[in-house]
There are 2 protein chains.
Amino acid sequence: MRLRHLLGASEPTEPPDSLHPPQIVVWDEAFFQGKKHEFTADCYSTPEHGFSTVRSCKIESGAWAGFEHCGFQGQQFVLERGEYPCWEAWSGSNAYHVERMCSFRPIACADHGRSRLMLFEQENFQGKRGELSDDCPSLPALGWGSSAVGSFFVRSGAWVCSQYPGYRGFQYLLESDSHAGEYKHVREWGSHAQTGQVQSIRRVQQ
Amino acid sequence: MRLRHLLGASEPTEPPDSLHPPQIVVWDEAFFQGKKHEFTADCYSTPEHGFSTVRSCKIESGAWAGFEHCGFQGQQFVLERGEYPCWEAWSGSNAYHVERMCSFRPIACADHGRSRLMLFEQENFQGKRGELSDDCPSLPALGWGSSAVGSFFVRSGAWVCSQYPGYRGFQYLLESDSHAGEYKHVREWGSHAQTGQVQSIRRVQQ
C-alpha cells in the first residue's frame, strides 16, 4: 500500500505512523466536545478515568481496538488513524445500536507484506482451508464456498474479519500476539460473536 | 489478493468470478423472504418490477452498485459477492437510516493490479495530490494531511471511498468508466454527498 506524492505536491508527507508511539485522544461528548483525555497505552475502564463512555475520538498514531464494555469485552471496534466524530463512525453494526465504548488498547500489527491468516471451514482447524496474505472485501469472490468460517489461525499480523462483504457488520479482531494466534471456535472471536458468519477480512493498518 | 487452498483442502475452488456474467438476486422482504427476482443487468427502478424496495439480496457474481432512489440516485451501496440478509448488511451509514434500495447496476472493475486513483486536496484537481494503487483503510496513516479530499481522477478501475477510516460511513463509487473518471467536486460524487470527508479508499472487488 502506498500514497505517492507526485510533482506539484504542495506539502511534505508526514512521517510513517510506525515512528510514533500509539496515541488516542477521546472525548465524552460527540464531535470532539466535552471532557478530553489522551492515552498512549491500554485503558481498561473509561469510568476509572472519569468518563462514563467515549462519544468521539481521534487516533493520532498506531491502530487501536475499542470495546463496548470495560475489560475489553463486548462488541469490538478496530480504530485506525483518523477522526471518529460520533458513535456511528466506529460502530460496525447498524443492527445492534449501543453507543458505548468503555475500554480500548493498542493493536500490535505486522508489516503488511508479511501478514498471513489461515481460515478453516470448521472449528478446531478442520475442513476446507485457505490462506490469506492480502485484504479481501469478499471471501465468496475468492471462491470460499460458505458465508461462514469455523476457525482461524493467525500466522502473522493483526486482522479484522467482518460479518458482511465490504467490511460491514460485526467485526472481530484476530491477532498473532493473542491466543497464540489460535481462534478455534466462534466463542473465541470475542464475547459478542454469535455466529461464524464472516464474508470479508482485511489486515489492520498501522 | 488470493486465497490459497493448502494440502488437505476438501473442496475445489469455484471458478473466478470474472468468468460469470454479473448476477444479483433480490427479495422484497428481509432474510431472503417474499417476492424474489433475479437480474443480470441494470435495474433502473424496482417498482417497475413490482418491488416497492429491496430488503435482502445475494450477489452471485460481479460487483454491483445499489442506490437509495430510482434512477441510480441517493445514497450509494457497493455490493460485492456475498449475502446481504437485511438493510444493515449493505448500508454504509448508521447515522442516515433509510431502509431503501430502489435501483442497482453492475460495476465495471479493472484488474486489481492495474487499478489507479489520483486524489487531490482541492476541487478541480488542485492542491496537494497523491496516487493510490492499493486499498487504504486509513488515508491519514498514509500521510494524507486532511480528513477530506477535494477531487478525484480515476485512472483505472472502480474504487469506493468512505467517510470514516475502516470503510465506514457514507460511501461513494468512483469509476474510470463514468464521468470519464473525473470527479472534480464533491457534488459529482453522488447526489448524497454533502462534504468531502473521506478517510478510507479501496478498489471494488469483482
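Sequence lines set the chain letters: A, B, ... in the order given, protein chains first and strands last, and positions in each chain run from 1.
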- Heavy-atom distance under 4.5 Å to chain A: side chain of Gln199(B), backbone, both or neither? side chain

- Should we count CZ of Arg100(B) as having more than 12 external heavy atoms under 6.0 Å? no

- Highest number of heavy-atom pairs under 4.5 Å with chain B: which of Pro85(A), Cys86(A), Ser200(A)? Pro85(A)

- Query: For chain B, which of Arg202(A), Gln163(A), Gln171(A) has the most heavy-atom pairs under 4.5 Å?
  - Reply: Arg202(A)

- Query: Rounded to the nearest 0.5 Å, how far apart are CH2 of Trp87(A) and OG1 of Thr53(A)?
  - Reply: 11.5 Å

- Separation between CD (Glu131(B)) and CZ (Phe153(B)), nearest 0.5 Å, reads 10.0 Å

- Query: Given that the side chain runs from C-beta out, which part of Glu80(A) has a heavy atom under 4.5 Å from chain B: side chain, backbone, both or neither?
  - Reply: both

Just distance, no hydrogens or angles: give the donor-acceptor pairs under 3.5 Å from side chains in residues 22-29 of chain A, sequence neighbours left out.
unit_1	atom_1	unit_2	atom_2	d
Gln23(A)	NE2	Glu38(A)	OE1	3.2
Gln23(A)	NE2	Glu38(A)	OE2	2.7
Trp27(A)	NE1	Phe32(A)	O	3.3
Asp28(A)	OD1	Lys35(A)	N	2.7

